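Values in this document were obtained by computation on a predicted structure and should not be read as measured data. One-based numbering along the sequence shown.
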Amino acid sequence: MEKETISIYTIAKEAGVSPATVSRVLTGNAKVSEEKKSKVEALIRKYDFRPNALARGLSSVETKMIGLMVSDIRNPFYATMAVECEKAANENGYLLLLCNSLGSNEMEVSYLEKFSGQRVDAIIQIGGKVDELVSDTSYVENINRVANTTPILITGKLDGADCYQVNIDEGQSMELLMQFLIENGHQDIALMGGRDNVKSTLDKRLRYRQMLRKYGIPVREEYIVDGSSYDIESGSAAMYRFIREDHPMPSAIIAINDFTAVGIVRALREQGMRIPEDVSVVSFDNTYIAETCMPRLTCVGYDYKLFG
């Protein structure tokens with residue numbers, strides 16, 4: 001492991017202790033058991049870790065601020081997550097600073113630097129580069145540089161990044177939805193929206209194929225339809241593209257998220273199709289969008305409070 005990627009969080013994980021314990025060993029300002037102290041000190045020697053270089057990140061002065069970077073707060077999934085994170089932060093006496101990366105790698109890097117400059121006590125990133133199937137090595141390096149002084153938590157993944165992760169089991173969410181549809185008599189099931197280079201989408205698509213095979217239903221690749229984005233317009237465009245290609249209409253359509261579902265429903269209605277009489281539409285996320293659709297969307301929902 002390269003020295004520049006080592007932080008108190010790396011040492012804590014390998015030693016099986018908390019980051020606070022590593023901090024106490026380095027600063028010597030609180031009692032630590034001899035067993036834990038020996039493990040931590042051995043790893044400090046092993047990696048030639050420099051306590052003086054880290055001391056800036058172990059200041060006893062807390063800002064009581066947490067930086068939260070999301071992809072786009074206009075998406076109800078991110079909005080719901082941001083609210084739950086803010087509630088949890090407030091309950092613990094922290095102020096949440098919210099930024100939107102809006103699909104820009106440059107903005108993500110810039111916000112990391114700004115959060116670090118503001119000396120926030122931690123950084124959370126939901127969406128953006130952490131959703132990519134293949135991790136951007138340059139972004140990982142930026143994350144590791146900031147993680148040397150500030151704990152970072154992400155959803156998604158970043159191979160080689162020294163940070164914590166909290167994730168939804170995307171495969172399980174697809175399994176629940178597929179089981180529900182098949183048990184309700186659906187055999188011709190399409191999956192619309194998303195892209196294979198986004199890990200959450202790929203995980204869903206893999207389990208979608210697996211569930212069809214499990215129930216002896218042929219996998220029809222034309223029923224897996226890409227979306228250019230994860231918004232309403234992308235859902236509508238995907239549905240219209242499917243119709244133009246003149247494929248047999250499925251009995252049920254799984255939308256990759258609620259926004260995509262709204263676009264799909266709009267396109268179907270514009271084509272004179274009834275929901276659910278002619279085709280059923282289901283979705284993921286179960287945000288307020290699902291409640292406002294007519295008829296209301298059947299969705300796989302998440303425990304947002306627990307997640308946040």
Side-chain angles (χ1 to χ4, degrees), residues 71-72 74-80 103 127 131 133 170-171 173-182 184-212 217-302:
S71 183
D72 190 337
R74 291 170 296 187
N75 183 312
F77 171 79
Y78 295 119
T80 305
D131 282 345
L133 184 63
E170 306 288 357
S173 67
M174 175 59 78
E175 187 167 325
L176 290 170
L177 199 48
M178 288 291 287
Q179 186 175 342
F180 174 79
L181 289 173
I182 292 169
N184 278 276
H186 292 284
Q187 297 272 314
D188 300 321
I189 304 168
L191 175 56
M192 292 195 179
R195 304 184 303 274
D196 266 347
N197 63 348
V198 175
K199 184 181 183 298
S200 60
T201 298
L202 181 63
D203 288 346
K204 287 188 176 81
R205 288 181 177 183
L206 289 172
R207 190 64 62 89
Y208 163 83
R209 292 183 176 96
Q210 181 183 346
M211 290 298 290
L212 288 175
I217 302 171
V219 177
R220 302 176 62 166
E221 292 299 327
E222 67 270 21
Y223 274 8
I224 302 175
V225 184
D226 282 348
S228 58
S229 184
Y230 289 78
D231 56 16
I232 295 173
E233 294 306 319
S234 177
S236 183
M239 189 70 249
Y240 268 113
R241 187 167 69 253
F242 183 87
I243 292 170
R244 284 196 305 271
E245 291 172 357
D246 202 26
H247 300 300
M249 187 60 64
S251 65
I253 298 171
I254 300 174
I256 204 67
N257 66 3
D258 289 346
F259 260 12
T260 302
V262 171
I264 290 169
V265 168
R266 184 174 70 187
L268 288 170
R269 284 183 169 157
E270 288 172 353
Q271 292 298 304
M273 301 196 72
R274 300 168 301 164
I275 303 167
E277 291 83 358
D278 298 321
V279 58
S280 296
V281 179
V282 296
S283 179
F284 295 96
D285 293 353
N286 196 32
T287 63
Y288 69 86
I289 296 292
E291 293 292 323
T292 57
C293 274
M294 291 297 293
R296 291 190 301 176
L297 279 172
T298 295
C299 298
V300 173
Y302 310 119

A side-chain contact here means heavy atoms from C-beta on lying under 4.5 Å apart; do [X] and [Y] qualify?
| X | Y | answer |
| --- | --- | --- |
| Met239 | Gln271 | no |
| His247 | Arg241 | no |
| Phe77 | Asp258 | no |

Can you name the nearest heavy-atom pair linking [X] to [Y], along with the distance?
| X | Y | result |
| --- | --- | --- |
| Glu170 | Ser200 | OE2-CB, 3.5 Å |
| Tyr208 | Ala190 | OH-CA, 4.1 Å |
| Gly127 | Tyr78 | CA-OH, 3.7 Å |
| Met174 | Phe284 | CE-CZ, 3.6 Å |
| Met249 | Ile243 | CE-CG1, 4.2 Å |
| Leu177 | Ser283 | CD2-O, 3.7 Å |

Nearest 0.5 Å, please: how far is [atom2] in [Y] from [atom1] in [X]?
| X | Y | atom1 | atom2 | answer |
| --- | --- | --- | --- | --- |
| Asp231 | Asn75 | CG | CG | 9.0 Å |
| Ser173 | Met178 | OG | CE | 12.0 Å |
| Asn184 | Leu181 | CG | CG | 7.0 Å |
| Ile217 | Ile189 | CD1 | CD1 | 5.5 Å |
| Leu212 | Gln187 | CG | CD | 9.0 Å |
| Met211 | Glu175 | CE | CD | 4.5 Å |

**Study point:** Name of the residue among Ile275, Ile254, Ile253, Val279 meeting side-chain contact (heavy atoms from CB on, under 4.5 Å) with Ile264
**Key:**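 The passing option is Ile253.
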
**Study point:** Check: Thr287 main-chain N/O paired with Asp285 side-chain donor or acceptor under 3.5 Å
**Key:**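 Looks like no, no N/O pair under 3.5 Å.
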
Practice item. Report yes or no: does Arg205 contribute a side-chain atom to a donor-acceptor pair with the main-chain N or O of Gly194 at less than 3.5 Å? Key: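 Present.
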
Point to revise | Ring geometry between Phe242 and Tyr223 (parallel below 30°, tilted from 30 to 60°, perpendicular above 60°) | key: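 Plane angle between 30° and 60°, so tilted.
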
Could you tell me whether [X] and [Y] make a salt bridge, using a distance below 4.0 angstrom between a side-chain N and a carboxylate O?
| X | Y | answer |
| --- | --- | --- |
| Asp131 | Arg195 | no |
| Glu221 | Arg209 | yes |
| Arg207 | Asp203 | no |

Check your understanding: Hey, are Asn257 and Thr260 close enough side-chain-wise for a donor-acceptor pair under 3.5 Å?
Key ->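 Indeed, the side chains of Thr260 and Asn257 share at least one donor-acceptor pair under 3.5 Å.
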
Review point. Looking only at side chains, do Tyr230 and Thr201 share a donor and an acceptor under 3.5 Å apart?
Key: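 Checked: Tyr230/Thr201 side chains pair up, N/O donor to acceptor below 3.5 Å.
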
Review point. In this structure, are over 12 heavy atoms from other groups packed under 6.0 Å from Arg220 atom CZ?
Key: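 Check passes, neighbour count above 12.
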
